[in-house]
K.L.:
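Okay, handing you the structure first.
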Amino acid sequence: MDYAATGQEALSRIAEASDLETLEALRVEFLGKQGSISGLLKTLGKLDPEERKVEGPKIHALRESVSDALAARKDVLETAALNARLASETIDLSLPAPEAPRGTVHPISQVMDEIAEIFADLGFSVATGPEIEDDWHNFTALNMPESHPARAMHDTFYFPDRDAQNREMLLRTHTSPVQMRTMLKDGAPLRIIAPGRVYRSDSDATHTPMFHQVEGLVIDKDVHLGHLKWTLETFLKAFFEREDIVLRLRPSYFPFTEPSVEADIGFTLIDGKRVIGGDPSKGEGGWMEVLGSGMVNRRVIEFAGLDPNEWQGFAFGIGIDRLAMLKYGMDDLRAFFDGDVRWLSHYGFSALDVPTLSGGVGTPA
Ligand code: PHE
């Protein structure tokens with residue numbers, strides 16, 4: 001028998017198949033269990049040996065050429081399908097930005113970036129710690145044992161359950177626990193800032209239950225109060241972008257620093273508005289408290305496993321929200337966290353305005 005005609009027909013139908021589904025239908029038609037060529041193969045069994053010797057190779061050759069043609073056509077169709085998909089799914093990365101970009105950088109984020117930029121220039125790196133803390137890191141290791149009255153001043157949010165070490169769990173009331181965590185992890189010397197969220201049960205126009213602080217910690221040899229004062233002054237001048245910043249240090253008390261100092265910054269009154277800068281003792285104006293600080297208490301250094309005769313340091317804690325309000329002129333802290341789009345677009349910053357010391361750390365959008 002001559003299978004040339006059968007082969008020709010099969011090959012031309014395969015060549016005409018325009019998609020993978022049609023091709024699969026053809027494969028089933030020719031080579032499937034009930035397929036025509038499979039049927040021919042089955043006839044071999046009924047032939048006598050002589051005939052089989054003649055017919056066998058011809059049918060096998062037919063089967064082979066059809067299956068080769070199917071595979072080749074499948075390749076072509078798959079490549080075409082992929083190319084079509086690639087063509088339809090391209091995106092044009094050269095599209096221009098929308099005319100009115102939506103969304104702004106929140107003033108808190110911007111101010112945190114500004115602070116990090118300034119302290120990076122002074123050789124500080126950024127450290128972090130958990131917002132869900134245990135009372136050892138938040139209080140005890142900072143020289144506030146359980147009965148210490150300063151604990152009561154923090155209006156702490158406690159969790160109902162204790163942790164695996166049977167420590168009470170709480171939302172950190174300040175960023176100072178990051179001091180302890182960093183000393184325990186990295187030892188000394190150290191120069192870090194730790195910006196982040198802190199929580200206290202308190203709410204009015206100048207207090208929200210969640211607010212932001214940035215902690216600073218320097219541990220080294222022969223560190224003294226003069227270093228602290230210079231660092232704070234240098235930071236505040238860079239932050240407010242004014243040379244006439246006047247700082248007043250007042251003796252204060254924090255269990256984890258000794259001595260402790262609170263710092264006030266001078267403001268002047270211009271058309272009845274408070275403007276940071278100038279010396280209030282020489283004219284109209286006044287002092288505004290901006291931060292707490294001091295020399296790290298020897299006991300805290302001991303809690304961190306360091307020898308206080310070898311290592312000293314200073315620490316400070318600054319209210320970021322307060323600083324943002326002073327610099328950019330917002331008067332109600334609660335508006336920071338309302339998520340009102342009008343407030344955000346008014347006070348927010350352009351995403352492209354990355355703070356730099358050469359370009360100015362803070363330029364409103
Ligand atoms: N943790 C203190 C507070 O929240 C601030 C502070 C930090 C004071 C570091 C001294 C040193 O009020």
Side-chain angles (χ1 to χ4, degrees), residues 97-128 175 191-197 211-216 218 227-248 263-271 273-280 285-291 293 316-333 335-337 341-365:
E99 256 174 56
R102 302 234 191 129
T104 54
V105 175
H106 194 285
I108 295 292
S109 305
Q110 182 76 12
V111 164
M112 282 196 186
D113 287 351
E114 292 175 17
I115 293 172
E117 179 67 27
I118 295 165
F119 278 108
D121 201 52
L122 298 175
F124 287 65
S125 53
V126 174
T128 54
T175 42
R191 218 184 289 180
I192 56 121
I193 56 164
R197 296 190 179 109
F211 57 104
H212 299 81
Q213 287 188 335
V214 59
E215 194 79 8
V218 170
H227 295 121
L228 169 63
K229 184 165 190 257
W230 181 89
T231 305
L232 294 175
E233 239 163 33
T234 304
F235 162 68
L236 289 166
K237 281 180 183 168
F239 179 77
F240 287 106
E241 297 176 74
R242 298 181 67 122
E243 271 304 307
D244 64 347
I245 296 291
V246 182
L247 212 58
R248 183 175 74 174
D264 301 333
I265 190 168
F267 65 85
T268 18
L269 284 176
I270 296 180
D271 294 335
K273 277 202 96 175
R274 292 175 169 198
V275 176
I276 293 298
D279 187 348
W287 298 101
M288 221 174 309
E289 184 192 323
V290 285
L291 60 93
S293 65
F316 53 84
I318 309 178
I320 294 182
D321 317 78
R322 167 65 78 83
L323 231 47
M325 291 169 80
L326 288 176
K327 182 165 175 179
Y328 297 115
M330 304 95 164
D331 48 19
D332 192 336
L333 179 62
F336 277 61
F337 311 118
V341 176
R342 292 164 302 178
W343 188 90
L344 289 168
S345 63
H346 181 77
Y347 286 111
F349 289 77
S350 154
L352 299 175
D353 187 35
V354 181
T356 62
L357 292 176
S358 54
V361 280
T363 338

K.L.:
What is the distance from atom CG of Leu333 to atom CG of Asp321, rounded to the nearest 0.5 Å?
P.N.:
5.0 Å
K.L.:
Can you give me the closest heavy-atom contact between Gly277 and Thr268, atom names plus distance?
P.N.:
O-OG1, 2.9 Å
K.L.:
Taking C-beta and beyond as the side chain, do Val214 and Leu323 meet within less than 4.5 Å on heavy atoms?
P.N.:
no
K.L.:
With side chains defined as the heavy atoms from C-beta onward, is the minimum distance between Phe119 and Arg191 less than 4.5 Å?
P.N.:
no
K.L.:
Might you point out which heavy atoms bring His212 and Phe337 nearest each other, and give the distance in Å?
P.N.:
CE1-CE2, 3.6 Å
K.L.:
Is the closest side-chain heavy-atom distance between Phe211 and Arg322 below 4.5 Å?
P.N.:
no
K.L.:
With rounding to the nearest 0.5 angstrom, report the NE2 to CG distance, His227 to Leu232.
P.N.:
13.0 Å
K.L.:
Would you call Lys327 and Glu241 a salt bridge, taking side-chain N to carboxylate O under 4.0 Å as the test?
P.N.:
yes
K.L.:
The criterion is ring-ring contact (aromatic ring centres under 6.0 Å, His included); which residues satisfy it with Tyr347, sequence neighbours excluded?
P.N.:
Trp343
K.L.:
At what distance, to the nearest 0.5 angstrom, does CD1 of Ile265 lie from CG of Leu291?
P.N.:
8.5 Å
K.L.:
Identify the two heavy atoms, one from Val361 and one from Gln110, that lie closest to each other, and give their separation to 0.1 Å.
P.N.:
O-NE2, 4.1 Å
K.L.:
Should the ring pair Phe124 and Phe316 be called parallel, tilted or perpendicular, given that the plane angle runs from 0 to 90° and is split at 30 and 60?
P.N.:
tilted
K.L.:
Can you find a pair of side-chain heavy atoms, one from Phe267 and one from Pro280, that are under 4.5 Å apart?
P.N.:
no
K.L.:
Which distance, rounded to the nearest 0.5 Å, do you find between the OG of Ser358 and the CD of Glu117?
P.N.:
8.0 Å
K.L.:
Taking Arg274 for the side chain and Gly286 for the main chain, is one N or O donor matched with an acceptor at less than 3.5 Å?
P.N.:
no
K.L.:
Nearest heavy-atom pair of Met330 and Ala324: which atoms, and what distance?
P.N.:
SD-O, 3.7 Å
K.L.:
If you draw a 6.0 Å radius around NZ in Lys229, do more than 12 non-hydrogen atoms from other residues or ligands fall strictly inside?
P.N.:
no
K.L.:
Tell me, do Ile318 and Ile115 make a side-chain contact under 4.5 Å, heavy atoms counted?
P.N.:
no
K.L.:
Please determine if Arg242 and Asp244 form a salt bridge, counting it only when a charged side-chain N lies under 4.0 Å from a carboxylate O.
P.N.:
yes
K.L.:
Residues in ring-ring contact (aromatic ring centres under 6.0 Å, His included) with Phe239, at least two apart?
P.N.:
Phe235
K.L.:
Please report the interatomic distance CH2(Trp287) to CG(Leu247), rounded to the nearest 0.5 Å.
P.N.:
7.5 Å
K.L.:
A side-chain contact here means heavy atoms from C-beta on lying under 4.5 Å apart; do Thr175 and Pro195 qualify?
P.N.:
no
K.L.:
Could you tell me if the side chain of Met288 sits less than 4.5 Å from the side chain of Asp264, heavy atoms only?
P.N.:
no
K.L.:
Out of curiosity, Asp353 CG to Asp113 CG, how far, rounded to the nearest 0.5 Å?
P.N.:
10.0 Å
